[in-house]
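Reviewing the structure listed below.
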Number of protein chains: 2
Amino acid sequence: MAALDLFGRRWSLRILWELRAGPLGFRPLQKRCDDMSSSVMRQRLTELLDAQVIHQLPDSRYELTPLGHEARHALDPLVRWAERWAATIDPQGADHTDDQSAGRVSPPDTVGDGAPERGSAD
Amino acid sequence: MAALDLFGRRWSLRILWELRAGPLGFRPLQKRCDDMSSSVMRQRLTELLDAQVIHQLPDSRYELTPLGHEARHALDPLVRWAERWAATIDPQGADHTDDQSAGRVSPPDTVGDGAPERGSAD
DNA sequence: GGTGACCGCTTCGGAAATCGAAACGGGGAG
DNA sequence: CTCCCCGTTTCGATTTCCGAAGCGGTCACC
């Protein structure tokens with residue numbers, strides 16, 4: 001349950017996700033996370049730090065701990081599900097070249113709607 | 001990313017989790033989810049309904065769709081990780097037989113810091 | 001030495017999400 | 001009819017999040 005709460009916050013999962021490839025500094029990480037507010041970012045970072053999911057390198061960059069990497073991998077099935085999910089509910093034109101949605105993605109309406117969103121799992 | 005947003009909301013994962021054992025009505029479900037606000041509950045329910053993760057039975061109870069069950073199972077590794085995580089950072093109060101804490105759970109503070117709220121493992 | 005760019009991080013006012021409790025109409029039991 | 005539980009909506013109060021500006025610091029460059 002604690003985990004559900006920790007990861008149920010707005011950018012926690014995203015941060016975990018963006019850190020998967022390697023350590024990142026504060027501002028770079030912020031940019032990767034859709035330019036989220038630095039205030040909230042610091043907050044999430046602190047929570048994650050406290051949960052020992054990430055830690056800070058001597059050069060002050062943030063990096064996943066072994067525990068953090070496990071969490072990120074534990075997330076994999078969910079990512080795979082997300083892809084299937086996207087394919088199920090949004091099977092039509094997956095062409096959103098003109099997409100300009102910022103941070104907010106809404107739950108898809110229904111099959112047959114024309115409201116594309118970003119479904120890239122990177 | 002859309003999934004990260006859908007599940008990044010406050011009670012989404014919890015609802016998914018509480019529905020794992022079978023269909024539940026509105027108020028029962030609400031009680032199970034730490035008595036969350038009915039307003040937010042309705043909102044989450046709508047989002048989940050819209051995302052075709054849950055659906056409503058003729059007797060108006062809520063139930064996971066096949067897609068929803070997949071999501072719940074996709075969550076399994078995360079749950080397993082959570083247990084390991086709890087054991088890693090909170091190895092002393094190793095008695096999680098009881099559980100009735102309120103809504104907010106924070107990253108455990110066992111090691112080093114004195115963060116406020118309490119966490120419970122399920 | 002001065003300037004500008006990036007850095008980690010904090011502060012603050014306003015917007016949005018969440019809460020909490022009350023209330024509606026309806027169903028079933030006593 | 002009354003009492004209790006139900007699903008659901010509404011509304012004011014609180015919490016969280018956002019967005020932008022600012023602080024002190026480093027480093028390259030001129």
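Quick note on labels: first sequence line is chain A, next is B, and so on, each numbered from 1.
- The nearest whole Å value for the distance from the CE atom in A:M41 to the P atom in D:dA21 is 19 Å.
- Spacing between atom CG of A:L29 and atom C1' of C:dC6 amounts to 16 Å, rounded to whole angstrom units.
- Of all heavy-atom pairs between B:L64 and B:R72, the closest is CD1-CB, 4.2 Å.
- A distance-only check finds a donor-acceptor pair linking the side chain of B:Q30 to the backbone of B:M36 [under 3.5 Å].
- Of the two residues near DNA chain C, A:G25 and B:S37, the one whose nearest nucleotide lies more 5' is A:G25.
- Both B:V40 and B:R27 sit near DNA chain C, but only B:V40 has its closest nucleotide nearer the 5' end.
- Between the side chain of B:S38 and the base of D:dT9, a donor-acceptor pair under 3.5 Å is found.
- Distance alone, capped at 3.5 Å, is enough to place a donor-acceptor pair between the B:T65 side chain and the B:Q52 backbone.
- When rounded to the nearest whole Å, the span between CG of B:D35 and P of D:dG7 equals 13 Å.
- Atom CG in A:D59 sits about 13 Å away from atom C1' in D:dT26, given to the nearest Å.
- Rounded to an integer number of Å, the gap from B:R61 CZ to D:dC5 C1' is 15 Å.
- Distances shorter than 4.0 Å separate none of the side-chain N or O atoms of B:Y62 from OP1 or OP2 on D:dC6.
- Side-chain N/O atoms of A:Q56 include one lying less than 4.0 angstrom from OP1 or OP2 on C:dC9.
- In this entry the distance linking CZ of A:R42 with P of D:dT16 reads 17 Å, nearest Å.
- Using a distance-only test at 3.5 Å, with no hydrogens or angles considered, no donor-acceptor pair links the side chain of A:W85 to the main chain of B:G68.
- OP1 or OP2 of C:dA17 has not a single side-chain nitrogen or oxygen of B:Q43 nearer than 4.0 Å.
- One atom, CE of B:M36, and another, P of D:dT14, lie 20 Å apart when rounded to the nearest Å.
- Considering only side-chain N and O atoms, A:R10 lies under 4.0 angstrom from the phosphate OP1 or OP2 of D:dC18.
- In this structure, the nucleotide among D:dG7, C:dC19, D:dC18 sitting nearest to the side chain of B:F26 is D:dG7.
- Note that B:R20 lies in the cation-pi zone of B:W17, set by a 6.0 Å cut-off to the ring centre and a 45° limit from the axis.
- In this structure, B:R44 reaches the C:dT18 phosphate: one of its side-chain N or O atoms is under 4.0 Å from OP1 or OP2.
- Separating the CD atom of B:Q30 from the C1' atom of D:dC6 is a distance of 11 Å, rounded to the nearest angstrom.
- Contact check, A:W11 against D:dC18: a side-chain N or O comes under 4.0 Å of OP1 or OP2.
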